[in-house]
2 protein chains.
Amino acid sequence: MNSSTEEDYLKAIYMLSAQHSSGVSTSAIAERMETKASSVTDMLKKLSEKGFINYVKYQGVTLQQKGSDVAIKVIRKHRLWEVFLCTKLNFTWDEIHEVAEQLEHITSVKLVDSLDQFLGYPKVDPHGDPIPDKNGNFHKIKEVALRDLKVGEKAVLIGVREDSREFLKYLESIKLLLGSKMEVLNKFEFDESVLIKVNGGNEIMLSSLVCKNLSVTYDKNKK
Amino acid sequence: MNSSTEEDYLKAIYMLSAQHSSGVSTSAIAERMETKASSVTDMLKKLSEKGFINYVKYQGVTLQQKGSDVAIKVIRKHRLWEVFLCTKLNFTWDEIHEVAEQLEHITSVKLVDSLDQFLGYPKVDPHGDPIPDKNGNFHKIKEVALRDLKVGEKAVLIGVREDSREFLKYLESIKLLLGSKMEVLNKFEFDESVLIKVNGGNEIMLSSLVCKNLSVTYDKNKK
DNA sequence: ATACATATTTAGGCTTGTCTAAAAATATAT
DNA sequence: ATATATTTTTAGACAAGCCTAAATATGTAT
Ligand SMILES: [Mn+2]
Ligand SMILES: [Mn+2]
Ligand SMILES: [Mn+2]
Ligand SMILES: [Mn+2]
């Protein structure tokens with residue numbers, strides 16, 4: 001079995017691989033794990049010896065199949081627990097992450113699949129992220145950052161790229177939730193802020209940082 | 001915060017204190033924790049320094065209020081999770097213990113109380129053990145080991161004093177469940193086995209070891 | 001190509017929790 | 001009361017994860 005620390009590293013590498021499609025750097029992992037680069041190097045050596053990752057000094061890291069499998073299982077558990085916390089225990093979407101961060105490490109074959117069934121086999125977690133099924137399969141919706149839309153384009157909010165409480169609370173306060181429809185009215189180059197119309201009503205100005213962290217998909221109902 | 005190891009030690013000491021009402025010995029803890037006596041000594045020193053226990057070399061251990069509080073909180077979580085696993089996820093009573101052993105260490109103030117509410121504030125866990133409430137209060141029913149009943153006395157099974165899978169599976173196979181009514185028909189001194197009648201029907205011979213580990217309460221309906 | 005800046009690894013140490021083997025204290029039997 | 005057995009503690013070591021400081025490799029600008 002793997003320690004929960006190893007699981008967290010593999011999960012971090014998995015997430016980072018998805019973004020920067022080449023090898024993942026030591027410093028990127030260190031930042032994500034909120035630890036020091038030297039600690040990361042130690043762990044990379046270990047994970048490499050155990051056959052979870054491909055690691056060559058100074059060259060970054062890629063996951064081996066075995067490592068990817070572990071990461072996906074942990075992510076599955078994380079997201080299922082998030083659904084549980086939201087739908088059954090009335091947690092809000094900014095409260096669930098840190099608890100799920102612990103629950104994802106509980107080991108019991110039966111537990112995960114029973115939980116999945118109990119929740120009705122949900123396809124996405126409360127942040128809009130897809131939940132892998134028992135076999136590790138899940139479909140990515142074609143998503144794009146709000147920042148990359150052009151003026152006049154319409155889209156639906158399907159996920160967030162940042163889980164911090166502050167960010168999630170901010171979104172709630174401006175009534176921007178998963179499923180909200182938005183239209184880009186204007187983009188301002190000097191500070192990269194964007195003016196949007198939400199659900200055909202309110203107009204809101206979003207900062208560069210916010211736009212970067214909102215995942216949307218193009219709205220099919222463009223009429 | 002306390003590590004999950006510290007929590008497990010405090011829980012073990014709490015359980016053992018309940019039985020042998022004097023100080024708990026190093027070896028008793030070692031046996032319960034499935035570890036070596038020297039490891040226990042190390043931990044006792046630490047728990048003592050932190051103010052959780054009263055520890056004097058060679059003299060055994062008692063819990064301080066602070067230690068008792070921690071133990072009761074962990075026990076509350078353990079038993080609530082056991083109820084969850086049984087009633088919501090269809091685990092059987094022999095499968096729940098080892099998973100609960102992990103879940104009991106999840107730290108979130110909100111989680112425990114939400115779970116309690118979600119489950120409908122259960123009073124006992126699937127093994128018949130009482131669940132402490134938010135404030136750590138719980139009532140012990142007057143219980144006695146089946147072994148201590150006299151011939152002719154009637155009782156109801158309310159708990160088990162041993163959580164091993166083997167034992168629980170054995171009880172299921174002979175259809176002896178929580179709430180079963182039993183009457184002592186005969187006691188055999190040479191091997192301390194006991195002949196009982198279950199629910200007014202089957203007659204079963206129980207070994208000494210089994211009788212020692214069944215908690216019963218006298219049946220009020222004696223007519 | 002060289003010099004400087006940044007990223008990464010190595011060296012050495014610390015904490016937690018575990019172990020074995022040996023020493024010391026306590027309990028038991030005659 | 002003394003010898004023996006058992007329990008408990010101490011001493012010393014190890015693995016996992018983490019850290020700081022120093023060494024080394026890589027990237028960049030001129
Ligand atoms: Mn985690
Ligand atoms: Mn999520
Ligand atoms: Mn435990
Ligand atoms: Mn129980």
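A note on names: the letters A, B, ... follow the listed sequences, proteins ahead of strands, and every chain is numbered from 1.
B:S27 comes within contact range of the sugar-phosphate backbone alone, with a heavy-atom separation under 4.0 Å but no base atom that close. Backbone-only engagement by B:T26 is indicated by non-hydrogen atom pairs under 4.0 Å involving sugar-phosphate atoms exclusively. If you check every strand for non-hydrogen atoms under 4.0 Å, A:T5 touches sugar and phosphate atoms only.
For the 3.5 Å distance criterion, the side chains of B:H105 and B:D8 qualify, holding a donor opposite an acceptor.
In this structure, A:K45 reaches the C:dT10 phosphate: one of its side-chain N or O atoms is under 4.0 Å from OP1 or OP2. Between A:T41 and C:dT9 there is a side-chain polar atom (N or O) within less than 4.0 angstrom of OP1 or OP2. Residue B:Y58 places none of its side-chain N or O atoms closer than 4.0 Å to OP1 or OP2 of C:dA23. Side-chain nitrogen and oxygen atoms of B:Y9 include none within less than 4.0 Å of the OP1 or OP2 phosphate oxygen of C:dT16. Residue A:K57 places no side-chain N or O under 4.0 Å from the OP1 or OP2 atom of D:dT26. For D:dT9, the OP1/OP2 oxygens have a side-chain nitrogen or oxygen of B:Y55 closer than 4.0 Å. Regarding contacts with the backbone of D:dC19, a side-chain N or O of A:S39 is found under 4.0 angstrom from either OP1 or OP2.
Taking atom CE of A:M43 as the reference point, atom P of C:dT9 lies 14 Å away to the nearest angstrom. In this entry the distance linking CG of B:N2 with C1' of C:dT16 reads 14 Å, nearest Å. Between the NZ atom of B:K50 and the C1' atom of C:dT16 there is a distance of 10 Å, given to the nearest Å. Summarising the geometry, the separation between NZ on A:K46 and P on C:dT9 is reported as 17 Å, rounded to the nearest angstrom. Rounded to an integer number of Å, the gap from CD of A:Q59 to C1' of C:dT9 is 13 Å. Nucleotide D:dT8 holds its C1' atom 16 Å from the CD atom of B:E31, rounded to whole Å. As a whole-Å value, the separation of B:K36 NZ from D:dT10 C1' is 17 Å.
If you run side chain to side chain donor-acceptor pair (under 3.5 Å) between A:H127 and each of A:R161, A:E82, A:R79, only A:E82 comes through.
When all heavy atoms of A:F138 and A:P130 are compared, the pair lying nearest together is CD1-CG, 3.7 Å.
A salt bridge links A:R76 with A:D113: the distance from a Lys NZ or Arg NE/NH1/NH2 to an Asp or Glu carboxylate oxygen falls below 4.0 Å. Ion pairing between A:E192 and A:K212 fails under the 4.0 Å rule for side-chain N and carboxylate O.
Nearest-nucleotide positions on DNA chain D place B:S38 closer to the 5' end than the other of A:D42 and B:S38.
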